[in-house]
Each structure stands twice: as structure tokens, then as C-alpha cells.
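Below is one structure; the comments refer to it alone.
The chain is numbered in sequence order, starting from 1.
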Amino acid sequence: MSETSPKLRAELEGIPTYKPGKPAAAGGPVAYKLSSNENPYPPLPGVLESVTAAACDFNRYPDMACTGLMNELSDRFGVPLTHLATGTGSVGVAQQLIQATSGPGDEVIYAWRSFEAYPIITQVSGARSVQVPLTSEDVHDLDAMADAITDRTRLIFVCNPNNPTGTVVRRAELERFLDRVPGDVLVVLDEAYREFIRDPEVPDGVELYRQRPNVCVLRTFSKAYGLAGLRIGFAIAHEPVAAALRKTAVPFGVSQLAQEAAIASLRAEDELLGRVGSLVCERTRVVDALRGQGWTVPETQANFVWLRLGERTAAFAQACEEHGVVVRPFPGEGVRVTVGEAEANDIFLKVTEAFPKER
């Protein structure tokens with residue numbers, strides 16, 4: 001028997017592992033999961049019924065073109081069908097974007113820290129990550145990102161609001177940045193948390209895309225819409241980019257259950273906005289309480305808060321778990337904490353009140 005192994009791509013060496021939010025421990029003291037930015041509410045009215053009906057036919061392949069959902073999205077956002085593409089969550093679509101634009105020798109620019117999938121999907125493609133540090137206020141440094149563009153740059157991610165800090169870039173600075181980006185470089189506005197924004201100066205990426213052929217907008221049904229377990233997201237982009245996304249999609253990747261749930265969720269948007277409003281109120285309460293306790297908290301426009309804790313990160317995450325909530329630690333940097341049920345948020349705030357502040 002040969003002792004040699006199959007040759008694998010060298011680019012796969014050293015790829016960081018995506019770390020999902022830790023689940024609540026079954027049978028243990030942990031009662032609430034605040035580690036994955038999930039919506040704490042159950043499915044919207046009509047969604048469960050739609051999924052149940054679709055489940056009767058899951059011996060059949062789903063509609064690969066996502067026809068019903070594509071029509072719904074076209075009407076909802078006022079964009080041509082040819083400007084739409086779907087995928088397995090917005091992260092799945094993001095990976096398709098890199099596959100369509102970048103390979104060995106190419107560069108992908110994004111802020112850091114930002115969404116932890118970016119370095120993974122970039123390295124898988126063989127492209128090189130160019131990570132531009134956030135400002136001291138944990139915001140994208142768009143001037144530095146523009147300065148980092150070279151003739152090898154193929155794609156730039158702007159996560160707005162940024163995961164995990166919750167901070168945003170506003171209209172004037174974003175438009176100034178876009179004006180500096182060459183037209184042959186794709187700018188991806190990752191708006192997974194768009195529904196939670198209340199700052200009127202944060203632009204809707206869909207409006208920016210309309211006048212800029214090199215802008216693509218990513219959205220997801222995982223967060224505000226509460227369909228995280230069904231894995232469905234979409235992109236809005238001009239036809240060449242959207243067509244490339246459809247070419248790189250995994251055939252039949254989006255299940256029929258996910259398609260039907262997404263359609264029903266779009267049709268229940270009034271109820272959705274009410275739930276989002278409640279979470280935004282909880283977000284305000286949590287941030288105000290943290291600042292009242294003496295914590296420095298970046299302004300967040302997402303459904304989570306960020307605490308920069310440095311070397312105390314692991315100890316804080318452990319303290320939270322011991323009291324009944326799981327948060328998302330980024331070792332040596334800080335913790336991201338989802339705004340969840342009021343009861344969960346209260347437990348989290350008791351931990352922050354007792355935890356030693358930085359001297």
C-alpha cells in the first residue's frame with residue numbers, strides 16, 4: 001500500500017477555523033445563548049406553516065432558480081431579476097463573490113477585526129487577504145482601505161454595521177471612499193444587520209448600488225428575519241456580477257423550505273419590523289446600562305454589543321457562562337454579546353456590573 005497521500009492545494013494550509021457561537025449547555029447552568037446574533041423570537045406568522053407544507057415534498061429537488069423568491073425580492077427592492085442572486089446565507093454568497101473575482105495573486109481588502117469568515121473564504125480561493133485595522137473607535141478606516149488598493153485588488157468588503165463591533169460608516173465617508181475605488185474593483189457592502197440600523201446617516205446599500213456598477217449588496221434572512229437555521233441569503237448587484245454569482249452557486253443549494261420561509265417572511269414584514277423595534281429598544285437599554293456602569297461601549301447599530309477586554313476576555317466569557325449566558329469571545333480582544341431576551345440581557349448586565357473594570 002502506498003504511503004503517499006493525495007495532493008491538496010497548498011492554500012489550504014493554515015486556514016483559520018470558523019468558530020460558531022457556543023451553544024447553551026444542555027442540562028447545565030447556561031440558559032441563554034447570546035453568542036451567535038440570532039433572533040430570539042420564533043418564526044414570523046405564516047412561516048412555520050409554509051415550511052411545514054414544503055416539507056411534504058422534500059423528496060423532490062428544490063427550485064434551483066428560486067423563482068418565487070427572486071420575484072418577491074425583485075418587487076420588494078425594485079430591482080431587475082437579472083440583478084439578483086441567492087445562496088446559502090450571505091456568507092455563502094460572499095464566498096461565491098470571491099470565487100467569481102479572485103484567485104492566486106489577487107488581493108481582497110477588508111477591515112480587521114471584521115467578519116471572521118472573510119479571511120477563510122479569501123484563503124480558500126488562493127487570494128491574499130489585506131487586513132486594514134479598525135480605527136481606535138472600532139470603525140472602518142476607509143481612507144486607509146482606499147490607500148491599500150493596488151493593481152492586484154479585486155474585491156473589497158465593507159461590513160456595515162461591522163461584525164463584531166456594531167459600528168457603522170456613514171453616507172458621506174462611504175461615498176467618498178467609493179469615489180476613490182477603481183471601477184474594476186468590486187465593493188461588497190455586507191449588510192447582514194441592515195434592519196437594526198436607526199442612524200439616518202447610514203446609507204442603504206441598495207441605493208448606492210443603483211448608480212455604481214461596481215457595488216454589490218449582501219443581505220441575509222438569518223438575523224432580523226430569524227431564519228438562521230435555514231441558510232438563505234442574497235445579493236443585489238449589476239448584471240455581470242449577479243450572473244457570475246448564479247454561475248458559481250452550488251446547484252440546488254437553497255432548499256425549498258428555505259425559499260418558502262423567506263417568501264413568507266417578506267410578506268410578514270410589518271410583524272418583523274415590530275420585533276426588530278423591540279430588539280432595538282433592548283439594545284438601547286443594554287448600552288445605556290453598560291455605560292452607566294462605567295464601560296466604554298462603541299455605538300452599535302446591530303443586534304449586539306462589543307466590549308473590548310483584551311487579556312481579560314476569557315475570564316469575562318467564563319463569568320458569563322457561570323451565571324447562565326454564553327457570549328462570543330475573541331481571545332485577547334473582546335466579547336460580542338447578542339441582544340436577546342430581556343431576561344438574558346439582565347443576567348449579562350449583572351455580570352458586567354460585578355466584573356472588575358479596567359484600572
May I have the step-by-step check of side-chain contact (heavy atoms from CB on, under 4.5 Å) for Leu279 and Phe196, ending in yes or no? CA-CA 8 Å; Leu279 287 172; Phe196 299 99; 3.9 Å; yes
Quick one, Arg210 and Val79 - any side-chain contact, counting heavy atoms below 4.5 Å? yes
I'd like to know if the side chain of Arg154 reaches the main chain of Asp151, judged simply by a donor and an acceptor atom lying under 3.5 Å from each other, with no hydrogens or angles considered. yes
Looking only at heavy atoms, which two atoms of Pro161 and Ala302 are closest? And how far apart? CB-CB, 4.1 Å
Salt bridge check: are Asp346 and Arg285 linked by an N-O gap of less than 4.0 Å? yes
Between the main-chain N or O of Thr135 and the side-chain N or O of Asp141, is there a donor-acceptor pair closer than 3.5 Å? no
Does a sphere of radius 6.0 Å around CZ in Phe252 hold more than 12 heavy atoms from other residues, nucleotides or ligands, not counting ones at 6.0 Å or beyond? yes
Strictly under 6.0 Å, is that where the ring centroids of Tyr209 and Phe77 end up? no
Which heavy-atom pair separates Arg198 from Gln301 by the least distance, and what is that distance? N-OE1, 2.6 Å
For the residue pair Gln99 / Gln95, report whether a side-chain donor-acceptor contact shorter than 3.5 Å exists. no
Quick one: pull up CZ in Arg176 and CG in Asp143 and give me the separation to the nearest 0.5 Å. 6.0 Å
Can you find a side-chain donor-acceptor pair between Asn37 and Thr338 that sits under 3.5 Å? yes
Closest approach of Leu81 to Met70 (non-hydrogen atoms, all atoms of both residues): CD2-O, 3.3 Å
Judged by atom type as modelled, is there a donor-acceptor pair below 3.5 Å linking the side chain of Arg128 to the main-chain atoms of Thr122? no
Using a strict threshold of under 4.0 Å (side-chain N to carboxylate O), is an ion pair present between Arg212 and Asp179? yes
Would Phe348 and Tyr32 count as a ring-ring contact (aromatic ring centres under 6.0 Å, His included) if you check the C-alpha gap in whole Å, the side-chain angles of each, and the deciding distance to 0.1 Å? CA-CA 10 Å; Phe348 164 64; Tyr32 296 101; over 10 Å; no
Considering non-hydrogen atoms only, spot the tightest contact between Pro298 and Trp306 and give its length. CD-O, 3.3 Å
Would you check if the side chain of Gln211 reaches a backbone N or O of Leu208 as a donor-acceptor pair within less than 3.5 Å? no
Can you measure from CG (Leu272) to CG (Leu266) and round to the nearest 0.5 angstrom? 9.0 Å
Does some side-chain heavy atom of Phe157 sit less than 4.5 Å from a side-chain heavy atom of Val187? no
Between Val132 and Asp147, is any pair of side-chain heavy atoms under 4.5 Å apart? no
Could you check whether Glu333 pairs with Arg113 (Lys NZ or Arg NE/NH1/NH2 to Asp/Glu carboxylate O, under 4.0 Å)? yes
Exercise: do Tyr110 and Ser129 side chains pair donor with acceptor under 3.5 Å: yes
Report the residues that fulfil side-chain contact (heavy atoms from CB on, under 4.5 Å) with Glu353, sequence neighbours left out, ordered by chain and then residue number. Gln293
Give me the atom names and distance for the closest heavy-atom approach of Ser265 to Tyr225. CB-CD2, 3.6 Å
Is there a chain of hydrophobic side chains (I, L, V, M, F, W, Y, each step under 4.5 Å between heavy atoms) that links Val337 to Phe355? yes
Any heavy-atom pair between the side chains of Arg336 and Asn163 that's under 4.5 Å? yes
Straight-line distance of Ser222 OG to Ile232 CD1, nearest 0.5 Å: 9.0 Å
Any link between Val108 and Phe177 through a network of hydrophobic side chains (Ile, Leu, Val, Met, Phe, Trp, Tyr) touching at under 4.5 Å? no
For residues Thr153 and Val130, determine if any side-chain heavy atom of one lies less than 4.5 Å from a side-chain heavy atom of the other. no
Please determine which of Glu341, Glu321, Glu38 meets the salt bridge (Lys or Arg N to Asp or Glu O under 4.0 Å) test together with Lys33. Glu38
Rounding to 0.5 Å, atoms CD1 (Ile121) and CG (Leu155) come to a distance of 8.5 Å
Between Arg219 and Ser90, is there a side-chain donor-acceptor contact under 3.5 Å, judged purely by atom types and distance? no
Which heavy-atom pair separates Asp63 from Gly68 by the least distance, and what is that distance? OD2-N, 4.3 Å
Is Phe330 close to Pro164 at the side-chain level, that is, under 4.5 Å between some pair of heavy atoms? yes
To the nearest 0.5 Å, what is the distance between CZ on Phe221 and CG on Leu230? 11.0 Å
Is Gln96 reaching over with its side chain to a backbone N or O of Arg246, donor-acceptor style, under 3.5 angstrom? no
Give the C-alpha distance, both sets of side-chain angles, the deciding distance and a yes or no for side-chain contact (heavy atoms from CB on, under 4.5 Å) between Leu142 and Val169. CA-CA 9 Å; Leu142 292 180; Val169 291; 4.0 Å; yes
Side chain of Thr313, backbone of Gly334: donor and acceptor closer than 3.5 Å? yes
Any side-chain heavy atom of Glu191 within less than 4.5 Å of one from Val217? yes
Consider only side-chain heavy atoms of I, L, V, M, F, W and Y, link residues closer than 4.5 Å, and tell whether Ile98 and Val93 are in one cluster. yes
Is the closest side-chain donor-acceptor distance between Glu282 and Asn345 under 3.5 Å? yes
Cluster link Phe304 to Val326, ILVMFWY, side chain under 4.5 Å: no
Please evaluate residues Glu116 and Arg328 with respect to the criterion salt bridge (Lys or Arg N to Asp or Glu O under 4.0 Å), reporting the C-alpha separation (whole Å), side-chain torsions for both, the decisive distance (0.1 Å), and the verdict. CA-CA 12 Å; Glu116 63 184 300; Arg328 175 65 171 89; 2.7 Å; yes
We want to know whether Thr165 and Asn162 form a side-chain donor-acceptor pair, criterion being a heavy-atom distance below 3.5 angstrom. yes
I need the Gln256 CD to Leu69 CG distance, nearest 0.5 Å. 9.5 Å
N/O donor-acceptor pair under 3.5 Å between Thr352 side chain and Leu349 backbone: yes
Do side-chain atoms of Ser102 reach the backbone of Asp106 as a donor and acceptor pair under 3.5 angstrom? no
Passes side-chain contact (heavy atoms from CB on, under 4.5 Å), Asn160 versus Leu189? Steps please. CA-CA 7 Å; Asn160 201 30; Leu189 302 180; 6.0 Å; no
Verify same cluster id: Val339, Val325 (apolar side-chain graph, 4.5 Å): no
So, do Ile120 and Phe115 sit near enough that their side-chain heavy atoms are less than 4.5 Å apart? no
For Ile156 and Leu186, run side-chain contact (heavy atoms from CB on, under 4.5 Å): C-alpha distance rounded to whole Å, both residues' side-chain angles, the deciding distance at 0.1 Å, then the answer. CA-CA 6 Å; Ile156 303 171; Leu186 182 65; over 6 Å; no
Checking Arg170 against Glu299 for the salt bridge (Lys or Arg N to Asp or Glu O under 4.0 Å) test, could you report, in this order, the C-alpha distance in whole Å, the side-chain angles of both residues, the deciding distance, and whether it holds? CA-CA 13 Å; Arg170 295 180 172 85; Glu299 180 185 350; 3.3 Å; yes
